[in-house]
Amino acid sequence: MHDLKYIRENFEIFKNKISNRNNNSNIDNLLDLDKKNRNLIQEKELLEKKKKDISKSKDEKMFEKSKEISSKIKDLSEEQNNIKLKLNSILSSIPNLPHSDVPDGKDENSNKVIETKGEIKSKNFIEKSHYELGEKLNMLDFDLATKTTGSRFVFVKDKLAMLERAISNFMLDIHTLENGYKEISPPLMASENTMYGTGQLPKFENDQFEIKLESKEERKFLIPTAEVILTNIVKNKIVKSNELPLRFVASTPCFRKEAGSYGKDTKGMIRQHQFYKVELVSIVENSKCLDELERMTNCATMILDKLELPYRKIILCTGDMGFSAEKTYDIEVWLPSEKRYREISSCSSCGTFQARRMNSRYKNEKNENVFTGTLNGSGLAVGRTLIAIMENYQQQDGSIIVPNALRPYMNNLDKISTISS
RNA sequence: GGAGAGAUGGCUGAGUGGUUGAAAGCACCGGUCUUGAAAACCGGCAAAGGGGCAACUCUUUCCUGGGUUCGAAUCCCAGUCUCUCCGCCA
C-alpha cells in the first residue's frame, strides 16, 4: 500500500516509477478521487462541528436544526465513503515502487547477474533429469499422485523422502543456530486480511487455494508461502524498537494454483501445487531494509555453499519483481539436465509497503510510530533443492551421492541407489 | 455441537446517556536528586485523517455494522472474534 500523501505530492515521479512495473491499475484518476474525497471530508466536518456545538449548548430551540444537519451529514458520508472505496481499491492494487538500485526492464531478460559461484562439474556421461532419476529409483511417483490427487503433485518415497526431510532440517538448523532466526511452526491457512497484508489479495486471488467453509465463516486460504503468515506476526502491532530486528524461519508446505503457467514445467517437480519451502522473514527498522536484504541473501546462499551446489545471484529488474517488493535478488541453482540455472530462492525487501497494509509499526528514537520494514526470502525452496542435489550429485549408474553436509541428517547414508543400504 | 463470559489507549484496567479522548497502574520520554546508576519526586505521553508556512486547529475512533437520541464507550438490533465449562475428536 502506498502513502497517498506521497502520491499526491509527487504524482509525476510516482507515475513514472510505477510505469516500469507490471502495473495495470488505472492511476490517472487517483488525484481526482483524492481531491473529491478531501473536499467531502471538509464539508462533512464543518457540519459535524455545527451539530456538536448545538448538542453542547443544550439549546432546545436548535434541536430541530440539528436533525436537519444529521441528514445532510448522512448523505455526504455516503458519497465520501463510495469515493474512498474506489480510491482504496485502486491503491491496494498498485505494486510497490522499485528501489533506485533496481535495473529497469520489462521482463526477466533485463535481470542482471551479480555473482556466479561454485564449480559446475563436467561428467563423462549424459546427465539425467531429476524425474528420470527419481522414477528409475522408484522414489518419485508422479503417476500415483495423479491418481490420488491430480496433476502437479508428486509422491516422494523412501530415501528421497528422507533426503527431503534432511534438507529441511539442515536448513532450519543453519538458520536458527548460525543465522539468528527464530523457528516457527505456523498455521498453514491464513485469513483474508492476512493475505491482504502481504499483498496476495485482492489482486492475486486466482493464484490462491481457498478453503471451502460455511458461508458465514471468515474466508481462509492455504498459504502460498510462509512469508504470508510469518510477516503478519506483526500485523496491527506496535513493536518496541529494541525488539527489532525480528527474524523468523519456518519450514512449511506451500500451496499455489500456478494459474497462468499451463504447459510450463509440466514434467517433474519444478512447478508443483504443493511444495516445501524454508522461509526467512525479517522485520526491521525501515532504514535498515537494504542491509538486511544483503544479510538475508547471504543466509540463503550460505546453504548452497554448504551443499556445494553451483549457483548464481541475480538482481531482478523492475518488471520482473513481485507485487510487494522494492528490490529482489533471485538465487538460481545449476540444473545439469536443463543446462541452465533455475530459481531456488528469492529474497525481497518490501520496504514499508506491507507494513502499511498490515499496520505494523515501531516507535522510533523520536518516540513516533513509524512503519516497519519487512523482508522475506526462501532459504531455500526444499523441493528444488532436492532436484538440484539429485541432478548435480548423480552418478552414471543413476545413484545419487548424499552431500557431506546432509549425511548427519541421513543416518550417515552416503549414497542413494536402488540397492537399499 | 450445547451453556455461559467478555472485547476500552503500547500493555493491565476503571467507567452505564451530557466538556469522558476516556480514571488508575505499568511501560516509555524529559527533569530534580546522585560521582554514576537505582529508588524517590515532578512533568509529559493515544491513533488516524482534514485545514494552515507555522504556532495551531477541526473531525473521527472505546470489536465491526446498523438503530434510538439534540447528545452514546454507556441504550437497542445484527454480526465478528476471544475466553471458560460440557460433549465429540487428532
Side-chain angles (χ1 to χ4, degrees), chain A residues 1-9 30-92 185-197 201 210-211 213-222 229 232-246 252-253 283 285-286 352-372:
Chain A
M1 184 68 92
H2 291 284
D3 182 2
L4 192 53
K5 226 182 238 170
Y6 173 84
I7 297 179
R8 192 186 299 151
E9 284 159 15
L30 217 47
L31 286 184
D32 191 40
L33 284 170
D34 175 48
K35 187 87 190 156
K36 274 187 192 151
N37 181 44
R38 286 187 298 152
N39 285 342
L40 285 168
I41 288 172
Q42 278 182 61
E43 258 181 85
K44 195 176 77 171
E45 289 187 350
L46 199 74
L47 292 176
E48 275 164 346
K49 171 94 166 94
K50 274 190 193 165
K51 190 178 153 185
K52 211 171 188 178
D53 289 341
I54 292 175
S55 164
K56 269 186 186 166
S57 74
K58 298 187 199 171
D59 180 355
E60 288 188 40
K61 281 173 281 178
M62 297 297 285
F63 285 0
E64 272 306 308
K65 176 85 181 163
S66 178
K67 276 187 180 178
E68 275 173 42
I69 294 175
S70 290
S71 95
K72 272 188 206 160
I73 291 177
K74 203 176 173 186
D75 293 345
L76 282 175
S77 298
E78 209 168 301
E79 199 183 338
Q80 190 252 330
N81 231 328
N82 285 337
I83 288 180
K84 191 77 199 278
L85 282 176
K86 266 189 215 164
L87 202 54
N88 274 343
S89 101
I90 295 175
L91 222 45
S92 61
S185 174
L188 303 179
M189 295 183 204
S191 68
E192 191 175 3
N193 179 266
T194 293
M195 296 284 279
Y196 173 84
L201 294 181
E210 182 171 1
I211 308 288
L213 294 167
E214 309 273 331
S215 56
K216 272 186 171 181
E217 285 180 86
E218 200 188 359
R219 298 174 75 191
K220 284 184 176 59
F221 298 83
L222 289 173
I229 205 98
N232 274 280
I233 287 175
V234 292
K235 174 169 83 179
N236 285 328
K237 241 181 120 163
I238 299 181
V239 188
K240 294 197 177 104
S241 62
N242 61 15
E243 289 171 339
L244 297 177
L246 291 168
T252 70
I283 314 293
E285 293 176 45
N286 55 43
T352 58
F353 186 82
Q354 292 179 324
R356 285 175 197 283
R357 294 177 154 246
M358 295 189 297
N359 194 27
S360 155
R361 294 167 297 170
Y362 67 97
K363 283 208 189 288
N364 68 8
E365 59 287 345
K366 286 186 209 149
N367 221 29
E368 300 163 325
N369 294 337
V370 292
F371 290 111
T372 56

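These figures come from a predicted structure and were not determined experimentally. Excluded from the calculations below are hydrogen atoms, water molecules and symmetry mates; all remaining heavy atoms, backbone and side chain alike, are included. Letters go in sequence order (proteins before strands), and every chain restarts at 1.
Going from atom CG of N37(A) over to atom C1' of G50(B) covers 10 Å, rounded to whole Å. Atom CD of E45(A) is separated from atom C1' of U61(B) by 13 Å (rounded to the nearest Å). What separates CD1 of I238(A) from P of U12(B) is a distance of 13 Å, to the nearest Å. Regarding Q80(A), its CD atom lies at a distance of 13 Å from the C1' atom of A48(B), rounded to whole Å. In this structure, CG of N369(A) is placed 11 Å from P of A46(B), rounded to the nearest angstrom.
With C1' as the reference atom, C75(B) and G18(B) are 15 Å apart, rounded to whole Å. Separation of the P atoms belonging to A5(B) and G9(B) is 23 Å when rounded to the nearest angstrom. Spacing of C1' atoms, U69(B) relative to C76(B), comes out at 12 Å, to the nearest Å. A gap of 8 Å separates the C1' atoms of A22(B) and C62(B), to the nearest Å. Comparing the same atom, P, in G21(B) and in U74(B) gives a spacing of 13 Å after rounding to whole Å. Between G13(B) and U8(B), the two P atoms lie 9 Å apart (nearest whole Å). Rounded to whole Å, the separation between the C1' atoms of C85(B) and G66(B) comes to 33 Å. One P atom belongs to C81(B), the other to U68(B), and the distance between them is 28 Å to the nearest Å.
K50(A) comes within contact range of no nucleotide atom at all, as no heavy-atom separation falls under 4.0 Å. Nucleic acid contact for K51(A): sugar-phosphate only, since backbone atoms but no base atoms lie under 4.0 Å from a heavy atom of the residue. Note on R8(A): only backbone sugar-phosphate atoms sit closer than 4.0 angstrom, heavy atoms only; bases stay farther off. Among the heavy atoms of the strands lying under 4.0 Å from K5(A) are primed sugar atoms or P, OP1, OP2 only; no base atom is included. Backbone-only contact: K52(A) has heavy atoms under 4.0 Å from sugar-phosphate atoms and none from a base.
Taking every side-chain heavy atom of R361(A) into account, A47(B) is the closest of C70(B), G50(B), A47(B). Checked against G49(B), C70(B), C58(B), the side chain of K49(A) finds its nearest nucleotide in C58(B). Closest contact between the side chain of S55(A) and the listed nucleotides U60(B), G51(B), C70(B) involves C70(B).
Nearest-nucleotide mapping onto RNA chain B: of M62(A) and F371(A), the residue sitting toward the 5' end is F371(A).
In this structure, a donor-acceptor pair under 3.5 Å is present between the side chains of K235(A) and T194(A). If you check the side chains of N37(A) and K86(A), you find no donor sitting under 3.5 Å from an acceptor.
The side chain of K56(A) places no N or O atom within less than 4.0 Å of a non-bridging phosphate oxygen (OP1 or OP2) of U19(B).
Using a 4.5 Å heavy-atom cutoff, the side chains of L188(A) and P253(A) are in contact.
With both pairing distances under 3.5 Å, A7(B) is matched to U80(B) as a Watson-Crick or G-U wobble pair. Base pairing of C85(B): its partner is G2(B), meeting the Watson-Crick or G-U wobble criterion (both donor-acceptor distances under 3.5 Å).
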